[in-house]
A.B. asks: 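Before I ask anything, here is the structure I am working with.
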Amino acid sequence: MSDDDTPRYLPIADHGVIGDLRTAALVGISGSIDWFCCPRFDSPSVFGSLLDADGGGSWDVSMVDGLVSTKQFYLPDSNVLVTRFMSEDGVAEVQDLMPLAKPKDPDHRTRIIRRIECVRGRVRMAMRLHPAFDYGRAAHTTSVVDDTHVTLSGGDLTLHLASDVPLEVSDDVVTARVRLGVGEAATFSLGVDEIPDDEIDSDSSEHIIHATVRFWQSWLGQSNYRGRWREMVHRSALALKLMTHEPTGAIVASVTTALPEEIGGERNWDYRYVWIRDAAFSLYGLLRLGFNDEAAAFMGWLTRRFSDGDTDGGRPLRLMYTIDGESPPQEKPLDHWEGYRGSRPVNVGNEASNQLQLDIYGELIDSVYLFNKYGAGISWNSWHELCGVLDWLTDNWDQPDESIWEVRSESQNFVYSRLMCWVAFERMIRMSRQRGLPGDVGTWMKTRDAIFDQIMQKGWDADRESFTQTFESDRLDASLLLVPAVKLLSPTDPRFLSTLKAIEEQLVSDSLVFRYDSSDHDDGLSGTEGTFSLCSFWYVEALTRVGRRPDARLAMEKMFTHANHLGLYAEQVGLTGEQLGNFPQAFTHLALISAAYNLDRELGD
């Protein structure tokens with residue numbers, strides 16, 4: 001706590017997210033923008049107080065007088081966020097958004113608009129903008145254009161701030177104070193280009209807000225989901241869309257970096273890149289809901305990765321890429337930042353990009369199979385490239401790797417990686433037969449069957465009566481909840497039922513699921529971690545598939561209680577219910593969509 005008794009860091013869950021399909025910002029329930037990278041998801045931050053309360057930079061809006069409470073909500077079916085400030089004097093709403101006018105707008109300009117409106121009584125509001133360019137490493141200068149326009153320059157970036165109320169500048173910090181009565185408003189706009197005067201008057205900013213709401217509502221109107229949990233599913237779809245980079249079709253894993261899996265721990269990773277695995281699963285979720293344009297755009301992005309040429313080691317694909325399809329930068333800590341609530345290191349870049357993770361090929365090809373089945377259909381060029389992937393996988397599936405959880409210890413023979421290699425061959429065989437596409441089906445079938453036999457013989461522990469994480473250990477792994485989902489075994493197969501029972505006994509805590517037991521640090525990292533919300537939704541789906549519908553529904557409803565006030569999820573949930581890890585996480589919202597879709601179908605109308 002600071003001297004004025006205000007927490008230096010809001011809980012991770014006390015944030016909403018806004019974005020423009022190029023980058024995103026996190027807005028705290030206190031009215032502060034604590035995270036914003038510009039002009040792209042993976043650019044250095046301009047506001048980073050989420051990771052260093054003193055030196056990270058922020059953009060704050062607050063109510064000046066009285067005992068103030070705040071609430072947040074999204075305007076219906078949109079990503080326009082409203083923070084309400086309430087006191088005895090009155091009520092004010094701050095509408096935060098990154099404007100969007102139309103899909104694939106060639107004239108799009110990245111900017112944040114903050115519109116403050118008084119809706120009851122009379123209020124005094126304060127604005128304070130203090131950027132910290134280049135993760136706080138670059139000094140900046142503030143130039144006054146006139147009393148309502150300033151420019152802020154630091155590093156290689158210049159931002160323009162405009163307002164319809166007077167601005168003051170002191171020590172490169174921009175402030176403003178306004179007194180508003182009912183129906184009166186003040187608007188602030190921050191962007192990479194000069195802000196035209198007609199954008200910031202009250203009527204124009206209101207029009208921009210309405211246009212952006214219409215953009216999101218029109219997009220969401222394509223959804224075919226009509227099930228029980230429509231609000232949660234549609235919020236997840238909107239979150240997934242926010243993590244899509246529209247100009248390229250790429251889908252990032254999250255919009256943040258270095259939010260800890262354990263407060264004070266070292267498991268703090270940069271998720272602002274495109275994981276083939278995460279994006280493939282997200283493709284599946286969007287296809288399920290009928291968003292075929294996003295699926296087609298990602299297929300285009302993926303096809304371009306095949307044509308990039310061989311990666312290091314001759315692998316057909318990297319496990320992760322930048323938005324542009326390059327290798328992510330080398331992982332390095334920002335030593336000058338203290339990290340969220342003292343959680344260091346604050347990592348940017350990601351060392352896991354050099355790992356071998358064989359499971360990505362199965363996840364990718366399974367999503368291509370679904371795109372071929374439910375979407376526009378796979379092109380000849382994509383099929384040809386996938387045949388090349390399978391040629392490589394035929395020679396390389398039977399080797400140790402780091403697998404889905406990206407362990408930082410030595411490579412091992414992960415059962416989940418074998419499972420997804422089996423999926424890769426099985427789905428290619430299906431597509432070849434369904435479409436009459438040419439391929440070495442005979443070799444694929446032999447390889448598929450060899451992988452199946454190896455899983456059954458080496459991945460099964462007869463003493464524990466369970467599939468295990470690796471051939472080398474008897475450790476359990478929640479990723480094996482997917483065995484029936486990918487159709488390796490029937491949901492009622494005794495081997496899966498006993499595996500589910502073992503996972504429930506050792507990895508499930510009141511519907512929350514640990515991905516594996518990390519207490520012995522066998523994954524090469526110190527400390528512990530929370531339960532993985534992704535795995536918790538996999539558990540719901542597994543319960544659904546084995547016919548335990550009441551248990552599945554209860555677990556689903558419990559998981560909904562762990563969402564934040566806006567329906568968003570970070571990567572993990574701690575044992576006391578706090579959100580941990582990067583926020584929001586695409587993978588978790590995809591798993592929610594899949595679990596809801598399948599449970600709805602089983603429960604019927």
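Bear in mind the structure is a predicted one, so any value in this text is a computation, not a measurement. Any value given below was found using the heavy atoms of this structure, including those in side chains, with hydrogens, waters and symmetry copies removed.
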A.B. asks: So, taking the atom named CG in Leu481 and the one named CG in Leu543, what distance separates them when rounded to the nearest 0.5 Å?
C.D. replies: 8.5 Å
A.B. asks: Determine whether a donor-acceptor pair (N or O, by modelled atom type, separation under 3.5 Å) exists between the side chain of Asn347 and the backbone of Asn268.
C.D. replies: yes
A.B. asks: Is atom CD of Gln434 surrounded by more than 12 heavy atoms (other residues, nucleotides or ligands) closer than 6.0 Å?
C.D. replies: yes
A.B. asks: Is the ring pair Tyr225/His234 parallel, tilted or perpendicular, if the boundaries are 30 and 60 degrees?
C.D. replies: perpendicular
A.B. asks: What is the distance from atom CD1 of Ile593 to atom OG1 of Thr588, rounded to the nearest 0.5 Å?
C.D. replies: 11.0 Å
A.B. asks: With side-chain hydrogen bond (donor to acceptor under 3.5 Å, both in side chains) as the criterion, how do Thr544 and Glu602 come out once you've worked through the C-alpha distance, each side chain's angles and the decisive distance to 0.1 Å?
C.D. replies: CA-CA 7 Å; Thr544 301; Glu602 288 300 311; over 6 Å; no
A.B. asks: Test side chain to side chain contact (heavy atoms under 4.5 Å, CB included) on Ile455 and Val415; report intermediate values, then the result.
C.D. replies: CA-CA 7 Å; Ile455 292 172; Val415 175; 4.3 Å; yes
A.B. asks: Is the backbone of Phe467 close enough, under 3.5 Å, to the side chain of Thr499 for a donor and an acceptor to pair up by distance?
C.D. replies: yes
A.B. asks: Determine, for Asp461 against Arg464, whether the closest basic-nitrogen to carboxylate-oxygen distance falls under 4.0 angstrom.
C.D. replies: no
A.B. asks: Just do the side chain to side chain contact (heavy atoms under 4.5 Å, CB included) check on Tyr516 and Leu476 with the steps written out, would you?
C.D. replies: CA-CA 6 Å; Tyr516 55 84; Leu476 297 175; over 6 Å; no
A.B. asks: Do Tyr273 and Tyr321 make the cut of ring centroids closer than 6.0 angstrom?
C.D. replies: no
A.B. asks: Is Asp477 salt-bridged to Arg515, cutoff N-O under 4.0 Å?
C.D. replies: no
A.B. asks: Can you tell me how far CG of Asp14 sits from CG of Asn564, rounded to the nearest 0.5 angstrom?
C.D. replies: 8.0 Å
A.B. asks: Please check if any side-chain donor atom of Ser536 sits under 3.5 Å from a side-chain acceptor atom of Ser533, or the reverse.
C.D. replies: no
A.B. asks: Any idea how Trp422 and Phe452 line up, ring-wise: parallel (<30°), tilted (30 to 60°), or perpendicular (>60°)?
C.D. replies: tilted
A.B. asks: Are the side chain of Glu571 and the backbone N or O of Pro260 linked by a donor-acceptor pair below 3.5 Å?
C.D. replies: no
A.B. asks: Check side-chain hydrogen bond (donor to acceptor under 3.5 Å, both in side chains) between Glu465 and all other residues, then give those that pass, not counting sequence neighbours.
C.D. replies: none
A.B. asks: So with a 6.0 Å cut-off around NE2 of His336, is the heavy-atom count from everything else above 12?
C.D. replies: yes
A.B. asks: Taking the side chain as every heavy atom from C-beta outward, state whether Ile365 and Phe425 have any pair of such atoms under 4.5 Å apart.
C.D. replies: no
A.B. asks: Tell me whether the guanidinium CZ or amine NZ of Arg495 lies under 6.0 angstrom from the six-membered ring centre of Trp460 and within 45° of its axis.
C.D. replies: yes
A.B. asks: Applying side chain to side chain contact (heavy atoms under 4.5 Å, CB included) to Gln355 and Leu319, what does each step give before you reach the verdict?
C.D. replies: CA-CA 8 Å; Gln355 289 184 348; Leu319 69 97; 3.8 Å; yes
A.B. asks: Quick check: closest heavy atoms across Glu406 and Ala352, and the distance to 0.1 Å?
C.D. replies: OE1-CB, 3.5 Å
A.B. asks: Could you go through the side chain to side chain contact (heavy atoms under 4.5 Å, CB included) check for Lys458 and Asn413 one step at a time?
C.D. replies: CA-CA 10 Å; Lys458 295 185 178 181; Asn413 290 291; over 6 Å; no
A.B. asks: Flag the pair Asp517 and Arg475 as a salt bridge only when some basic side-chain nitrogen lies within less than 4.0 angstrom of an acidic carboxylate oxygen.
C.D. replies: no
A.B. asks: How close do Leu26 and Phe583 get, heavy atom to heavy atom, and via which atoms?
C.D. replies: CD2-CD2, 3.9 Å
A.B. asks: Salt bridge or not for Arg548 and Glu504, using N-O below 4.0 Å?
C.D. replies: yes
A.B. asks: Under 6.0 Å between the ring centres of His562 and Tyr569?
C.D. replies: no
A.B. asks: Go through Ser379 and Ser382 one step at a time and tell me if the side-chain hydrogen bond (donor to acceptor under 3.5 Å, both in side chains) criterion holds.
C.D. replies: CA-CA 5 Å; Ser379 68; Ser382 294; 3.1 Å; yes
A.B. asks: If you round to the nearest 0.5 Å, how far is CZ of Phe496 from CG of Leu482?
C.D. replies: 8.5 Å
A.B. asks: Test your reading of the model: is there a side-chain donor-acceptor pair from Thr447 to the backbone of Thr394, 3.5 Å cut-off?
C.D. replies: no
A.B. asks: Does Arg430 form a salt bridge (charged side-chain N to carboxylate O under 4.0 Å, His left out) with Asp366? I'd like the steps, not just the answer.
C.D. replies: CA-CA 10 Å; Arg430 284 196 191 195; Asp366 192 33; over 6 Å; no
A.B. asks: Drop me the distance from Asp270's CG to Thr256's OG1, to the nearest 0.5 angstrom.
C.D. replies: 8.5 Å
A.B. asks: Quick one, Leu21 and Lys241 - any side-chain contact, counting heavy atoms below 4.5 Å?
C.D. replies: yes
A.B. asks: Can you see which heavy atom on Pro345 is nearest to which on Pro333, and at what distance?
C.D. replies: CB-CB, 3.8 Å
A.B. asks: In Å, rounded to the nearest 0.5 Å, how long is the span from OG of Ser327 to CG of Asn350?
C.D. replies: 10.0 Å
A.B. asks: Please check if the side chain of Asn372 supplies one atom and the backbone of Val368 the other of a donor-acceptor pair under 3.5 Å.
C.D. replies: no
A.B. asks: Aromatic rings Phe281 and Phe587: how do their planes relate, parallel, tilted or perpendicular, breaks at 30° and 60°?
C.D. replies: tilted
A.B. asks: So, the side chain of Glu426 versus the backbone of Lys487: is there a donor-acceptor pair under 3.5 Å, distance only?
C.D. replies: no
A.B. asks: Check whether any side-chain heavy atom of Asn354 sits under 4.5 Å from a side-chain heavy atom of Met320, and report yes or no.
C.D. replies: no
A.B. asks: As a test of understanding, state which of Tyr416, Phe414, Phe532 forms a side-chain contact (heavy atoms from CB on, under 4.5 Å) with Trp405.
C.D. replies: Phe532
A.B. asks: Strictly distance-based, threshold 3.5 Å: is any side-chain N or O of Thr248 a donor or acceptor partner for the main-chain N or O of Ala250?
C.D. replies: yes
A.B. asks: Between Arg344 and Glu266, does any NZ, NE, NH1 or NH2 come within less than 4.0 Å of an OD or OE carboxylate oxygen?
C.D. replies: no
A.B. asks: Determine yes or no for a side-chain-to-main-chain donor-acceptor pair under 3.5 angstrom, with Trp397 supplying the side chain and Leu358 the backbone.
C.D. replies: no
A.B. asks: Ignoring hydrogens, what is the shortest heavy-atom contact between Ala478 and Leu507? Give both atom names and the distance.
C.D. replies: N-CD1, 3.8 Å
A.B. asks: For a quick check under 3.5 Å, do Gln357 and Ser417 share a side-chain donor-acceptor pair by atom type?
C.D. replies: no
A.B. asks: State plainly whether the residues Arg267 and Glu529 are in salt-bridge range, i.e. N to O under 4.0 Å.
C.D. replies: yes
A.B. asks: Testing the basics here: between Leu390 and Ala424, what is the closest heavy-atom pair and its distance to 0.1 Å?
C.D. replies: CD1-O, 4.2 Å
A.B. asks: Trp301 ring centre to Arg305 NZ or CZ under 6.0 Å, with the angle to the axis within 45°?
C.D. replies: yes
A.B. asks: Could you tell me if the ring centre of Tyr271 sits under 6.0 Å from that of Trp275?
C.D. replies: yes
A.B. asks: Compare all side-chain heavy atoms of Val233 with those of Ser236 and state whether any distance is below 4.5 angstrom.
C.D. replies: no
A.B. asks: Would you say that Trp383 contacts Cys387 through its side chain, given a criterion of any heavy-atom pair below 4.5 Å between the two side chains?
C.D. replies: yes
A.B. asks: For Trp392, does its backbone N or O pair with a side-chain atom of Asn396 as donor and acceptor, under 3.5 Å?
C.D. replies: yes
A.B. asks: Answer yes or no: is there a donor N or O on one side and an acceptor on the other, between the side chain of Ser432 and the main chain of Met428, under 3.5 Å?
C.D. replies: no
A.B. asks: Could Asp359 and Arg418 be called an ion pair, given the rule that one side-chain N must be under 4.0 Å from one carboxylate O?
C.D. replies: no
A.B. asks: What's the shortest heavy-atom distance between Leu286 and Glu294, and which atoms?
C.D. replies: CD1-CB, 3.8 Å
